[in-house]
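First the structure, in the form of structure tokens, and then the observations on it.
Chain identifiers are assigned alphabetically (A, B, ...) following the order of the sequence lines, protein sequences preceding nucleic acid strands; residue numbering begins at 1 within each chain.
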Amino acid sequence: MSYHFNEIEAKWQKYWAENQTFKAENNSDKPKYYVLDMFPYPSGAGLHVGHPLGYIASDIYARYKRHKGFNVLHPQGYDSFGLPAEQYAIQTGQHPADTTRVNIEGGVDKAGNEIEGYRKQLDRIGFSFDWSREVRTSNPEYYKWTQWIFIQLFESWYCKNHQCAFPISELEKLFSEEGNSGVNPACDDDVESFTAKEWNSFSSEKKQDVLLKYRLTYLAETEVNWCPALGTVLANDEIVNGLSERGSHPVIRKKMTQWSMRISAYAERLLQGLETIDCTDSLKESQRNWIGKSVGASVTFKVKDSAEVIEVFTTRPDTIYGVSFMTLAPEHDLVSKITTDDQKGDVEAYIQATAKRSERDRMADVKTISGAFTGAYAEHPFSKEPIPIWIGDYVLAGYGTGAVMSVPCGDQRDYDFAKHFNIEIPNIFEGVDISEEAFAAKDNVKIANSDFLNGMNYKKATKRAIYELEQLDQGEGKTNYRLRDAVFSRQRYWGEPFPVYYVKGKPQMIEQQHLPIVLPEIEKYLPTEEGEPPLGRADVWAWSTESNSVVSNDKVNNTTVFPLELNTMPGWAGSSWYFFRYMEEVANRDGAFATQNALNYWENVDLYIGGSEHATGHLLYSRFWVKFMKDRGFINVDEPFKKLINQGMILGTSAFVYKEEGTNKFLSKGLIEGKQVQPIHSDVSFVNASDELDIEAFKNWREEFKEAEFILEDGVYKVGREVEKMSKSKYNVVNPDAICKQYGADSLRLYEMFLGPLEQAKPWNTAGITGVHGFLKKLWKLYVNDNGLNVTDAEPTKDNLKTLHKTIKKVVEDIENFSFNTSVSTFMIAVNELTAQKCTSKEILEPLLAVISPYAPHIAEELWNRLGNETSIATADFPEFEEKHLVESSKNYPISFNGKMRFTLELPLDMSKEEIEKAVMAHEKTIAQLEGRTPKKVIVVPGKIVNIVG
RNA sequence: GCUGAAGUGGUGGAAUUGGUAGACACGUUGGACUUAAAAUCCAAUGUCCCUUGGGACGUACGGGUUCAAGUCCCGUCUUCAGUACCA
């Protein structure tokens with residue numbers, strides 16, 4: 001009886017589904033373990049072999065933990081809001097909800113495309129997901145709680161003293177009792193001071209305006225990349241050379257009122273929290289970069305002949321005597337106020353010119369130095385000397401205060417700017433040559449020409465400068481973060497609607513019992529002619545405070561019926577908290593995002609696996625929301641993920657045929673030398689393991705190749721190979737369904753792991769799968785022969801036990817180190833050895849199945865069943881490793897001469913050092929090697945090696 | 001530029017605290033079985049020299065430490081990823 005993987009796999013997948021084998025329990029005596037994958041965005045293109053890599057790894061770990069006696073939560077769902085569905089909707093007029101459902105569940109979309117669906121594709125690979133807990137972010141039952149969290153953020157403020165978020169009502173109480181002088185909140189820069197008395201006299205509208213500046217989510221004017229032709233805001237990466245990536249339309253920088261998230265309040269905690277996460281240094285480093293902490297000072301410069309002051313942030317207050325000019329960002333508010341009449345022309349022309357350039361362009365074009373003099377002067381805080389004030393686009397409006405004190409001798413950008421505009425470059429470093437470039441190092445230098453700072457080093461001078469600035473009330477020590485508040489509005493249709501309506505232009509939250517606010521129906525998924533977001537097209541999109549429901553727009557009277565927010569939330573809203581939703585069983589999901597019971601039991605994710613493209617954004621945002629929810633007492637954990645692994649990308653191995661230029665001849669790879677050829681991608685499915693092209697298949701592929709002539713070498717056409725990103729346009733996409741059909745899911749799972757270390761990028765080459773497939777056949781033959789089951793009660797031999805326990809030991813180590821590729825080799829070795837030993841002993845073969853089961857669950861389940869087990873192997877005990885079976889009495893010593901291994905010698909392990917040396921020195925091969933020489937030294941490491949020197 | 005990761009046969013990749021480099025596969029070559037093919041099985045396979053025994057060289061490159069280095073240290077180069085005028 002041979003190995004019929006298709007039958008076996010279908011059988012057990014059905015069994016697992018029917019018996020809910022992988023359903024997690026919220027009440028269990030077992031210890032809990034939560035294994036999570038980053039949930040997929042269900043695109044119409046379906047899965048390719050790169051997608052399941054991380055899922056297979058996490059599945060192996062989840063299954064292993066079940067064998068080890070854990071109650072495992074291993075859920076899956078869909079990040080189903082997003083841009084591609086909306087773009088597709090615009091093109092085809094289909095509702096994104098429909099295309100999204102088809103992409104998940106399969107079927108035929110309105111355009112007539114037959115779509116397999118993510119779910120079926122995933123099921124075919126045999127994952128141990130608990131599908132009963134599935135979530136979809138676009139489902140109103142789910143986004144109800146995304147909206148709820150948004151409301152909680154709106155209803156909260158952040159106290160810097162306590163480093164914690166509190167209800168906004170507490171802040172109102174503080175304001176009414178003592179004004180805002182005593183509070184230390186994270187808030188907008190432009191808040192005014194007021195007393196309790198003043199606060200209490202404010203109108204309701206005024207109070208709302210003031211509070212908005214303190215809320216953790218707030219409306220604010222933000223500078224965005226606006227594309228008038230597309231009618232939407234674009235992210236930086238959607239703009240190429242100042243034009244939109246889609247359609248090449250002009251993009252301008254525009255201020256727009258947008259919802260923002262005050263993530264900056266959490267900057268320090270997000271940084272500190274990294275210490276508690278188990279992940280790679282590179283991931284931590286990219287989080288740190290993003291947060292961008294820098295320690296320095298804020299310094300205030302007075303503007304001469306003006307009441308204005310310029311505040312700057314600097315990391316080098318010790319170089320304050322090196323300031324020879326100030327630079328403001330062209331967008332800085334002060335520019336228009338301080339520019340002299342003489343300079344107005346220059347300054348305005350410059351501002352116009354820079355406004356046309358996107359932020360990205362400015363960043364990309366670092367070499368061009370540009371700027372303009374405002375005609376105004378600032379006053380040096382200590383020397384009181386006048387300092388010319390310039391504007392320049394190398395200063396970014398969005399970072400720090402949008403202004404810098406320029407120290408050309410100590411900063412290369414300031415230096416280049418000064419050289420370009422012939423501004424003086426005073427040297428404040430003792431014995432340093434600055435004729436060629438700035439001196440930016442902090443160490444091993446003393447400050448000079450700096451009055452009271454002379455002779456001090458960086459550390460001392462910094463401290464002193466801050467102290468002196470404080471005395472003048474013109475500065476203080478300050479820590480700055482690069483992390484900016486996150487814009488939370490999108491001018492899109494396919495996202496969560498805000499639970500917000502506007503009364504006299506002031507945002508009001510809809511009470512939580514009326515949630516969800518369901519996305520309205522619209523005719524076209526495009527912005528309105530007036531440039532409003534797509535929701536501006538909805539006819540029924542107003543809020544009635546009487547019926548507490550969404551009503552027709554024509555009822556808007558601004559007394560009881562008000563307009564609703566037209567923006568939707570960004571993609572990261574739904575993915576910032578989904579891991580908590582899985583914790584709750586569907587039956588109990590109505591009353592809360594998850595019950596306290598479920599949250600207390602599962603706590604947070606023990607293992608999180610996903611792509612590195614989410615290493616910054618998603619991770620930062622979800623960590624932010626979790627910290628906020630912890631502050632407000634909704635959950636009990638400070639970090640969402642305990643351990644995080646980024647799987648590497650699987651690359652495609654493209655195949656090329658070579659068309660000789662000007663002919664219709666295709667030359668085999670070996671014949672192209674010296675010829676003018678044009679490489680053309682061939683579909684990888686036409687190429688076999690030996691890189692030989694199926695010429696007929698290629699000819700039939702496309703009309704233009706029908707008449708092609710093929711010049712062969714050794715009777716075959718050889719293609720060229722190149723590793724590239726897996727993509728449809730390169731014809732190197734491999735579909736896991738096809739692999740499952742031809743070799744089986746177990747082969748796919750093993751092969752994906754066998755390719756190499758999980759975290760590394762590695763090329764896919766279908767040819768190699770015959771190796772692991774052959775292994776599964778050998779495994780099968782170890783249990784089943786032509787007459788049926790071939791497993792006996794025979795007493796295992798010493799060798800049998802040694803093979804089994806060696807395998808258990810290695811596989812446990814591998815799984816716990818996430819080194820899945822080496823486990824597969826270990827299985828191969830085990831099966832090769834047991835086959836050679838002609839092992840039929842059930843005592844060996846039964847536990848072996850439990851070891852292999854996490855990797856190849858279908859075949860393991862089938863053989864387990866054939867051995868007479870009536871329950872699933874999924875929760876069978878993982879066999880215990882016993883050291884005694886590996887104890888050896890002798891060792892095959894490598895005998896080296898001057899570090900080079902010459903031969904091996906089998907010696908008992910209980911031999912002493914001296915005895916080993918004696919035995920080795922007496923050996924004929926040793927004598928031959930030495931050729932009469934006397935060794936200077938003999939190194940004997942018992943149990944390891946012998947090295948003879950001399 | 002900065003940060004991080006990595007450079008090992010024709011290919012993917014193994015190699016505990018420094019201790020037999022190339023496990024396990026793919027591919028290739030030869031053989032068995034077969035009318036033939038597929039499948040399966042057996043053998044060889046880092047490079048070079050050599051008649052066998054064997055020898056020389058080999059983990060990106062150049063140094064160093066050590067009885068012993070893919071592994072540790074210093075320097076250089078290359079590739080990939082992330083990030084970028086952050087004051």
[X] side chain to [Y] main-chain N or O, any donor-acceptor pair under 3.5 Å?
{"X": "A:Asn732", "Y": "A:Lys725", "answer": "yes"}
{"X": "A:Asn480", "Y": "A:Ser294", "answer": "no"}
{"X": "A:Lys781", "Y": "A:Thr835", "answer": "no"}
{"X": "A:Asn790", "Y": "A:Asn785", "answer": "no"}

Under 3.5 Å, which N/O atoms of the protein pair with N/O atoms of nucleotides 27-30 of chain B?
from	atom 1	to	atom 2	distance (Å)
B:G27	O3'	A:Ser690	OG	3.4
B:U28	OP1	A:Ser690	OG	2.5

query: Going by the angle between their ring planes, with limits at 30° and 60°, are A:His618 and A:His614 parallel, tilted or perpendicular?
result: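 Aromatic pair A:His618/A:His614 classed perpendicular.
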
- prompt: Does CD in A:Glu924 sit with more than 12 non-hydrogen atoms of other residues, nucleotides or ligands closer than 6.0 Å?
  reply: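 12 or below, so no.
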
query: Heavy-atom count around A:Lys891 NZ within 6.0 Å, excluding the residue itself: above 12?
result: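 Yes, the 6.0 Å shell around NZ holds more than 12 heavy atoms from other groups.
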
For [X] and [N], give me the distance from atom [atom1] to atom [atom2], rounded to whole Å.
{"X": "A:Gln412", "N": "B:G1", "atom1": "CD", "atom2": "P", "result": "14 Å"}
{"X": "A:Ile645", "N": "B:G4", "atom1": "CD1", "atom2": "C1'", "result": "17 Å"}
{"X": "A:Asn646", "N": "B:A81", "atom1": "CG", "atom2": "P", "result": "15 Å"}
{"X": "A:Ile291", "N": "B:U3", "atom1": "CD1", "atom2": "P", "result": "18 Å"}
{"X": "A:Met649", "N": "B:A81", "atom1": "CE", "atom2": "C1'", "result": "9 Å"}
{"X": "A:Glu285", "N": "B:G82", "atom1": "CD", "atom2": "C1'", "result": "10 Å"}
{"X": "A:Arg484", "N": "B:U83", "atom1": "CZ", "atom2": "P", "result": "14 Å"}
{"X": "A:Tyr458", "N": "B:A87", "atom1": "OH", "atom2": "P", "result": "11 Å"}

Base paired to [N] (Watson-Crick or G-U; both N/O distances under 3.5 angstrom):
{"N": "B:A43", "result": "B:U29"}
{"N": "B:A81", "result": "B:U3"}
{"N": "B:A38", "result": "none"}
{"N": "B:U59", "result": "none"}
{"N": "B:A23", "result": "none"}
{"N": "B:A15", "result": "none"}

- request: Kindly say if A:Thr327 contacts the phosphate of B:A87, meaning a side-chain N or O under 4.0 Å from OP1 or OP2.
  value: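 Checking B:A87 against A:Thr327, no side-chain N or O comes under 4.0 Å of OP1 or OP2.
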
statement: In B/S/- notation (B base, S sugar-phosphate only, - none; protein heavy atoms under 4.0 Å), nucleotides 36-59 of chain B written 5' to 3' is ---SSS-------------SSS--

message: Can you build the contact string for nucleotides 10-20 of chain B? Use B for base contact, S for sugar-phosphate-only contact, and - for no protein heavy atom under 4.0 Å.
response: --BSS--B-BB

field: Salt bridge flag under 4.0 Å for residues A:Lys802 and A:Glu833
entry: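 Salt bridge between A:Lys802 and A:Glu833, a charged N being under 4.0 Å from a carboxylate O: no.
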
- prompt: Do A:Arg721 and A:Asp691 meet the salt-bridge criterion of a basic N to acidic O distance under 4.0 Å?
  reply: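 Looking at A:Arg721 together with A:Asp691, the answer is yes, because their closest N to O distance falls below 4.0 Å.
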
Residue closer to the 5' end of RNA chain B, A:Ser282 versus A:Thr826 (nearest nucleotide):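 By nearest-heavy-atom nucleotide position, the 5'-most residue is A:Ser282.
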
Could you measure between the two [atom1] atoms, the one in [N] and the one in [M], and give it in whole Å?
{"N": "B:G13", "M": "B:G27", "atom1": "C1'", "value": "14 Å"}
{"N": "B:G46", "M": "B:A21", "atom1": "P", "value": "14 Å"}
{"N": "B:C61", "M": "B:G7", "atom1": "C1'", "value": "11 Å"}
{"N": "B:C49", "M": "B:C33", "atom1": "P", "value": "35 Å"}
{"N": "B:C80", "M": "B:G19", "atom1": "P", "value": "32 Å"}
{"N": "B:A6", "M": "B:C57", "atom1": "P", "value": "30 Å"}
{"N": "B:A23", "M": "B:A14", "atom1": "C1'", "value": "5 Å"}
{"N": "B:G9", "M": "B:G22", "atom1": "C1'", "value": "7 Å"}

- prompt: Given A:Ser896, which of A:Ile948, A:Ile939, A:Asn947, A:Val946 fulfils the side-chain contact (heavy atoms from CB on, under 4.5 Å) condition?
  reply: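 Result: among A:Ile948, A:Ile939, A:Asn947, A:Val946, A:Asn947 is the only option passing the side-chain contact (heavy atoms from CB on, under 4.5 Å) with A:Ser896.
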
field: Nucleotide nearest A:Trp290 when distance is taken to its side chain, options B:C24, B:C86, B:U83
entry: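 The nucleotide sitting nearest to the side chain is B:U83.
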
field: Residue A:Leu396, side-chain heavy atoms: nucleotide from B:C85, B:G82, B:C24 that is nearest
entry: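 Output: B:C85.
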
message: Is it the case that the side chains of A:Glu311 and A:Thr401 hold a donor-acceptor pair, with the cut-off being a distance below 3.5 Å and no angle test?
response: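 Looking only at side-chain atoms, A:Glu311 and A:Thr401 do not form any donor-acceptor pair under 3.5 Å.
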
message: My understanding is that only residues two or more places apart in sequence, or in another chain, count here; which of them pass salt bridge (charged side-chain N to carboxylate O under 4.0 Å, His left out) with A:Asp416?
response: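 Residues passing salt bridge (charged side-chain N to carboxylate O under 4.0 Å, His left out) with A:Asp416: none at all.
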
field: A:Glu285: salt bridge (charged side-chain N to carboxylate O under 4.0 Å, His left out) partners, not counting sequence neighbours
entry: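 Expected list: A:Arg288.
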
Taking only distance into account, with no hydrogens and no angle test, what donor-acceptor pairs under 3.5 Å do side-chain atoms of residues 747-754 of chain A form with protein atoms, sequence neighbours excluded?
from	atom 1	to	atom 2	distance (Å)
A:Ser747	OG	A:Tyr743	O	2.9
A:Ser747	OG	A:His773	ND1	2.9
A:Arg749	NE	A:Tyr855	O	2.9
A:Arg749	NH1	A:Asp59	OD2	3.0
A:Arg749	NH1	A:Ile125	O	3.3
A:Arg749	NH1	A:Gly126	O	3.1
A:Arg749	NH2	A:Asp59	OD2	2.8
A:Arg749	NH2	A:Pro854	O	2.9
A:Tyr751	OH	A:Asn765	O	2.6
A:Glu752	OE1	A:Leu53	N	3.4

message: Going by the glycosidic torsion and a 90 degree boundary from 0, is the base of B:G53 oriented syn or anti?
response: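 Nucleotide B:G53 adopts syn.
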
message: As a test of the definition: with a 90° window around 0 for syn, would you call B:G55 syn or anti?
response: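 Anti, angle beyond 90° from zero.
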
task: Classify the nucleic acid contact of A:Ser825 as base, sugar-phosphate or nothing, counting any heavy atom under 4.0 Å across all strands shown.
output: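 If one applies the 4.0 Å heavy-atom cut-off, A:Ser825 turns out to touch a base.
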
